[in-house]
Visitor: 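This is the structure I have questions about; it appears just below.
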Amino acid sequence: MADPQVVLGSRVRAALGAAFGADYADTDPVIRPSSFADFQSNAALPLAKRLGKAPRDIAAQIVAHLDIDGIAEPPTVSGPGFVNFKLADAWIAAQALQVGRDPRLGAPVAGHPQTVIVEYSSPNIAKEMHVGHLRTTIVGDAIARVLEFAGHNVIRDNHVGDWGTQFGMLIEYLFEIGEDAPAAQLLRTDPNAFYQSARVKFDSDAGFKERAQRRVVKLQSGDDPATQALWDEMMELSRQYLNDVYGLLGVTLTDDDIRGESFYNDLLPGVVDDLTAKGLAVQSEGALVVFPPGFTGRDGAALPVIIRKRDGGYNYSTTDLATIRYRVDKINCDRAIYVVGSDQTLHFRMVFAVARLAGWLPEDDRFEHAPIGMVQGADGGRLRTRSGDTVKLGDLLTEGIEQARAVLDEIEGMDAATKDAIAQDVGIGAIKYADLSTARDSAYIFDWQKMLALRGNTGPYLQYATARIRSIFRRAGLDPAAILSSAAPRAPIVITARAERDLALQLLGFGSVIEQVADTAEPHRLCGYVFETASLFTTFYEQCPVLKADDAATRTSRLLLCAATLRVLTAGLGLLGVPLPERM
Ligand code: ARG
């Protein structure tokens, strides 16, 4: 592990052990970036009481026992008892080269790999995905990729809404128009249109309504093969729609990851029975409910989780309770991350509370809702088209690609066909990066101009940064991977300028960021890291000539730094799922 905070931390702990005894060797070394040096350790301050010594004396003791030869210059003590570290340029340079050459770029493999369910996307069948689902899809996919890279066993889970009373209507409609009717194909191309026409018939045709209601009963009884076959057909058409969207987005979900609400149907009666047997379920206004303690409405009245409705049907919450039991008992997951809109926060808090009451979740469980903030229109409300309709996902993605094409027009010296090809990556990358770079629980305003800007923390800026590094190598007639490979002559990176040092130091932090993102399930931290890296590269590139460097050694050193930076950016953006055009 090259991360200086980790390296310094372990050295400070060793010094604490040597100075004050083994009991002190696992003290938090409190390493922080410093404005005077590179880093400082604030460990001395909280130890003052325990050791009965002045923090400055403790700091001096730490310094006296520190072994950081070759890593940093001799440390100094400042302020009330900070220990300051200035890293040695040669150490930074050697570590940066090592990161560039390491297949994992310095990122450790999780010491205790966990089985983690990442539930994301989860749209409703026969309805168009909306921008909310788009964001849970994109953020969830990045979380899954990072956890997997960090060494965990990730189970992607697309918890689609494929069950419930409206499916009687949809299946009956599919039955009556026939699977091959153009209207049936809408399930594949424009699910909302299919849903709407079924709805219109349902509302205007009493006979159809009755048949639809009979169909629900057949569906839920599970013993009518014809109904089952139609449901399967509907699912197949919907899967094709989803795969088109996921394919265009470059999202890693496959058919095998779909485990929709219907999957848990058989487990629902057991949920109700067990909650009843445990005395947790009570009758309330004809429904069966659980009141988890601590949840009250505005009027102060206890809020219920409805597990069986007045009409005998099960509820969304019942399915979620069954899902929790399945994940704990059958999948044995150590952690489950629900990447779902923040408007469902209360739902998940209450459902998890009921599961804990029932003893279905292990103690210190890691079942977490990763709330996703709303994607808003310019007015802060729902995203709408100019004519005021809700924006269709397909149209949105197409528009992104077209808008990207317009931005590329500004780039000189590139032919139109090349620009067309790049526009797709740039449009999709811009949308994905905008979803990812805002803290996931914050809402943000969807703004083409902002997300497509070639400057700032945007997808196109980062894509451009990688394309620019590639172009340096193209001009030099060199392959960036080859010059880093172990077969290449072992030339060193030599730091001669501040901008080189800042960039090289930044590269050492990749592994820590991955660990942080895996722990918090917050991809925006990785966005912040790649953006900072690209910005430091920009400064370096402005200040330090690469191909026209003064001498061959400097040129090689800078090319190595470029190649290592490219690998870090490519890996980071790859884990975010942002496509990277070769040139731009
Ligand atoms: N299908 C739901 C929706 O579109 C999201 C499902 C979220 N996941 C869950 N386990 N409830 O709102």
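Atoms within each ligand, like the ligands themselves, are counted from 1 in listed order. From a predicted model like this one, the values you see are computed outputs, not experimental measurements.
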Visitor: What about the rings of Phe263 and Tyr326, do their centers lie closer together than 6.0 Å?
Guide: yes
Visitor: What protein heavy atom lies closest to atom 11 (N) of ligand 1? Include the residue and the distance to one decimal.
Guide: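 Here the nearest protein heavy atom works out to Tyr316 OH, 2.7 Å.
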Visitor: Does Arg327 make a cation-pi contact with Tyr338, if we ask for NZ or CZ under 6.0 Å from the ring centre and within 45° of the axis?
Guide: yes
Visitor: Do NZ/NE/NH1/NH2 and the carboxylate oxygens of Lys209 and Asp205 come within less than 4.0 Å?
Guide: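 A salt bridge is absent here (no side-chain N lies under 4.0 Å from a carboxylate O).
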Visitor: Are Glu522 and Arg525 within salt-bridge range, i.e. N to O under 4.0 Å?
Guide: yes
Visitor: Check Tyr264 against ligand 1 and report side chain, backbone, both or neither, counting heavy atoms closer than 4.0 Å.
Guide: neither
Visitor: Taking atom types as modelled, find out whether Ser437 and Asn457 have a side-chain donor-acceptor pair closer than 3.5 angstrom.
Guide: no
Visitor: Ligand 1 and Asp320, any nitrogen or oxygen pair closer than 3.5 angstrom?
Guide: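 Indeed, backbone or side chain, Asp320 has an N or O that close.
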Visitor: Starting from atom 2 (C) of ligand 1, locate the nearest protein heavy atom and write down its residue, its atom name and how far away it is, to 0.1 Å.
Guide: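 Among all protein heavy atoms, the one nearest atom 2 (C) of ligand 1 is Ser122 O, 3.6 Å.
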Visitor: Answer yes or no: is there an ion pair linking Arg199 with Asp203, defined by an N-O contact shorter than 4.0 Å?
Guide: yes
Visitor: What protein heavy atom is closest to atom 12 (O) of ligand 1, reported as residue, atom name and distance in Å?
Guide: Gln344 NE2, 3.0 Å
Visitor: List ligand 1 atoms under 4.0 Å from Val340, heavy atoms only on the residue side.
Guide: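 The atoms of ligand 1 under 4.0 Å from a heavy atom of Val340 are 7 (C), 8 (N).
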Visitor: I would like to know whether Arg366 and Asp334 meet salt bridge (Lys or Arg N to Asp or Glu O under 4.0 Å); could you show each step before the answer?
Guide: CA-CA 7 Å; Arg366 286 200 77 180; Asp334 303 298; over 6 Å; no
Visitor: Which residue holds the protein heavy atom closest to atom 1 (N) of ligand 1, what is that atom called, and what is the gap in Å?
Guide: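 That would be Asn124 OD1, 2.8 Å.
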Visitor: What is the closest protein heavy atom to atom 4 (O) of ligand 1, and at what distance does it sit?
Guide: His133 NE2, 2.8 Å
Visitor: Check contact between Thr323 and ligand 1, using heavy atoms of the residue and a distance below 4.0 angstrom.
Guide: no
Visitor: Considering only non-hydrogen protein atoms, determine which one is nearest to atom 8 (N) of ligand 1 and report residue, atom name and distance to 0.1 Å.
Guide: Glu119 OE2, 2.7 Å
